[in-house]
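Beneath this line is the structure, given in structure tokens, with notes to follow.
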Amino acid sequence: MQKSEPKIQKLDQVFFQRNAVEVAKELIGAELLVGGTGGIIVEAEAYLVDDPASHSFGGRSLRNGSMFGPPGLAYVYLSYGIHWCLNTVCLPGSAVLIRALEPRTGISLMQARRGISNIRLLCSGPGRLCQALGIDGGHDGAPLNRQPFALRKVTGSSPLVIGKRIGISRAMDEPWRFGLQESNFVSRKF
DNA sequence: CTATCGATTGTCT
DNA sequence: GACAATCGATAGA
């Protein structure tokens, strides 16, 4: 008998046209590559349309325009004037912030971009992973199911840990931060 | 290990 | 003018 092989699910518009909390949970364990660099998503947070902590709260603006585009786009914004951060757009005005990856592919290039060799610190934070994968404002509004992005998930669920979102000053108690259980590559312990 | 603090600039009021 | 979905350095337990 042959072992059953894991099934690979391409993440398309249908996948993202749902509540961002559900999408965030299912993105844990998925593989994200940008131009051949990346790894496994081990941490993500959901931001909703009626969520005071979300950039979309208060309506559409110049910066958050992609959050109101079709599901499956990238929403990339500059944080603290320094760090780029990557989101996947879900239902209009909602998105999932990708907070950490376990590096798997193109590690030497990611090390060069980050200027460090420590694998543990390569992609363990939203700003860090964007620097490692070469993501910047030019990727804002780009579809995640086309080059340079490659996003796919092995069917089946990954063991999750849940916590409160990090680094915000409103709606701080919502348990919309999700991580891969036991992962050494999250930005902070749960 | 935890706590604190400065950097840096686009965005919105 | 205030603030920010962060990071890295530093100081101290």
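Because only heavy atoms are used, hydrogens play no part in the values below, and waters and symmetry mates are left out as well, while side chains stay in. Numbered from 1 within each chain, the chains take letters A, B, ... in sequence-line order. All of these numbers come straight from a predicted model, not from anything done at the bench.
Comparing A/Gln131 and A/Ala95, the nucleotide of DNA chain C nearest to each residue sits closer to the 5' end for A/Ala95. The 5' end of DNA chain C is approached more closely, in terms of each residue's nearest nucleotide, by A/Arg170 than by the other of A/Ile116 and A/Arg170.
Distance A/Asp136 CG to B/dT9 P: 15 Å, rounded to the nearest Å. The interatomic distance linking A/Asn64 (CG) with B/dT11 (C1') rounds to 10 Å, in whole Å. Following rounding to the nearest Å, A/Ile135 (CD1) and C/dA5 (C1') show an atom-to-atom distance of 15 Å. Rounded to an integer number of Å, the gap from CH2 of A/Trp84 to P of C/dA4 is 19 Å. When rounded to the nearest whole Å, the span between CG of A/Asn118 and C1' of C/dG8 equals 13 Å. We find that CG of A/Asn87 is positioned 11 Å from P of C/dT6, with the value rounded to whole Å. Rounded to whole Å, the distance from CZ on A/Arg188 to C1' on C/dG8 is 15 Å. We find that CZ of A/Arg177 is positioned 14 Å from C1' of C/dT6, with the value rounded to whole Å.
Nucleic acid contact class of A/Arg128 (heavy atoms, under 4.0 Å, all strands): sugar-phosphate only.
Distance from the side chain of A/Ser169 is smallest for C/dA4 among the nucleotides C/dA4, C/dA5, C/dT6. In this structure, of B/dA7, B/dT11, C/dA5, it is B/dA7 that holds the atom nearest to the side chain of A/Ile82. Of the listed nucleotides (B/dG10, C/dC7, B/dA7), B/dG10 has the atom at the smallest distance from the side chain of A/Leu78. The side chain of A/Tyr80 sits closest to C/dT6 out of B/dC12, C/dA5, C/dT6.
Distance alone, capped at 3.5 Å, places no donor-acceptor pair between the A/Asn87 side chain and the A/Val89 backbone. No donor-acceptor pair under 3.5 Å is formed between the side chain of A/Asp140 and the backbone N or O of A/Gly137.
For the pair A/His83 and C/dC7, the criterion of a side-chain N or O lying under 4.0 Å from OP1 or OP2 is not met. In this model, the phosphate group of C/dG8 is approached by a side-chain N or O of A/Arg114 to a distance below 4.0 Å at OP1 or OP2.
The partner of C/dA5, taking Watson-Crick or G-U wobble pairs whose two distances both stay under 3.5 Å, does not exist in any strand shown. For B/dT8, there is no paired base (Watson-Crick or G-U wobble, both distances below 3.5 Å).
Inspection of the A/Gln131 and A/Arg114 side chains reveals an N or O donor paired with an N or O acceptor under 3.5 Å.
Look at A/Tyr77 and the base of C/dA5; the rings do not stack under the cut-offs of 5.5 Å between centres and 30° between planes.
Pairing each heavy atom of A/Phe190 with each of A/Phe178, the nearest pair is CZ-C, 3.6 Å.
Salt bridge A/Glu43/A/Arg177: present, at least one basic N to carboxylate O contact under 4.0 Å.
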